[in-house]
Amino acid sequence: MFKKFLTPELVKQMRINAGLSREEVAELIDVSPQTIANYETKGVKMDIFQLEKFIMITTTSKEDREKKQQLLQDFGNNLMSLIPKKKIN
């Protein structure tokens with residue numbers, strides 16, 4: 001699979017600048033916190049999908065990410081309210 005490379009220092013600085021812990025970044029890009037540590041210390045390369053997610057979450061403010069999450073949740077709730085409920089006899 002195609003891999004993209006950021007220096008370990010840049011990965012760490014981007015995460016810190018975004019105000020995120022290793023655990024938060026790991027959860028958001030669907031890897032383990034140890035994998036984030038490896039990106040920051042050993043120069044392990046991210047695949048292109050992880051890189052896209054990483055760049056998105058580290059270049060978007062926490063408030064914007066929370067607003068987006070709330071909008072998605074509200075949309076899902078509103079969508080579910082439109083589905084007719086089955087009557088149980």
Side-chain angles (χ1 to χ4, degrees):
M1 181 178 282
F2 182 71
K3 302 267 184 177
K4 284 289 187 180
F5 184 75
L6 296 174
T7 65
E9 297 81 14
L10 183 57
V11 171
K12 184 175 184 177
Q13 194 59 53
M14 289 174 74
R15 176 183 61 78
I16 291 169
N17 289 347
L20 296 167
S21 69
R22 285 180 176 169
E23 291 76 16
E24 290 170 317
V25 172
E27 184 177 332
L28 290 167
I29 69 171
D30 200 28
V31 297
S32 71
Q34 183 59 49
T35 299
I36 301 300
N38 289 341
Y39 294 154
E40 293 182 358
T41 60
K42 297 180 181 177
V44 173
K45 296 178 183 178
M46 295 182 203
D47 71 36
I48 192 72
F49 301 109
Q50 291 166 340
L51 178 63
E52 280 185 290
K53 289 179 188 177
F54 179 77
I55 290 172
M56 186 204 58
I57 65 169
T58 57
T59 59
T60 306
S61 72
K62 189 172 186 176
E63 292 80 19
D64 285 345
R65 287 192 304 275
E66 289 170 352
K67 286 178 187 176
K68 181 179 178 182
Q69 185 63 34
Q70 186 61 50
L71 285 171
L72 290 171
Q73 186 176 6
D74 291 346
F75 176 75
N77 291 339
N78 289 333
L79 188 60
M80 292 303 292
S81 71
L82 296 174
I83 298 173
K85 294 182 177 151
K86 291 184 178 181
K87 291 183 181 179
I88 300 175
N89 295 328

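All values reported here derive from a predicted model rather than from experimental measurement.
There is no path of hydrophobic side-chain contacts, each under 4.5 Å, that joins I16 to I29. L10 and L28 fall within the same hydrophobic cluster, defined by Ile, Leu, Val, Met, Phe, Trp and Tyr side-chain heavy atoms under 4.5 Å apart, directly or through other members. Put simply, M56 and F54 are part of the same group of oily side chains (I, L, V, M, F, W, Y) that touch within less than 4.5 Å, one to the next.
Across every non-hydrogen atom of P33 and A26, the tightest pair is N-CB, 3.5 Å.
Atom CD1 in I57 sits 8.5 Å away from atom OG1 in T60 (nearest 0.5 Å). Distance check, rounded to the nearest 0.5 Å: CE of M46 to CG of N38 gives 11.0 Å. Distance check: Q50 CD to I36 CD1 gives 7.5 Å after rounding to the nearest 0.5 Å. Expressed to the nearest 0.5 Å, how far NZ of K45 lies from CG of L51 amounts to 12.0 Å. Here the CD-CD distance, from E23 to Q34, works out to 10.5 Å after rounding to the nearest 0.5 Å. To the nearest 0.5 Å, the span separating OG1 on T35 from CD on E40 amounts to 11.5 Å.
Evaluation of the side-chain contact (heavy atoms from CB on, under 4.5 Å) rule for E66 yields K62 as partners, not counting sequence neighbours. For N17, the side chain to side chain donor-acceptor pair (under 3.5 Å) partners at least two apart in sequence or on another chain are Q13.
Other residues, nucleotides and ligands contribute at most 12 non-hydrogen atoms within 6.0 Å of the CD atom of E27. Summarising the local packing, CG of D30 is surrounded by 12 or fewer heavy atoms from other residues, nucleotides or ligands at distances under 6.0 Å.
A distance-only check finds a donor-acceptor pair linking the side chain of R15 to the backbone of L20 [under 3.5 Å].
By the 4.5 Å heavy-atom criterion applied to side chains, Y39 and V25 are not counted as neighbours.
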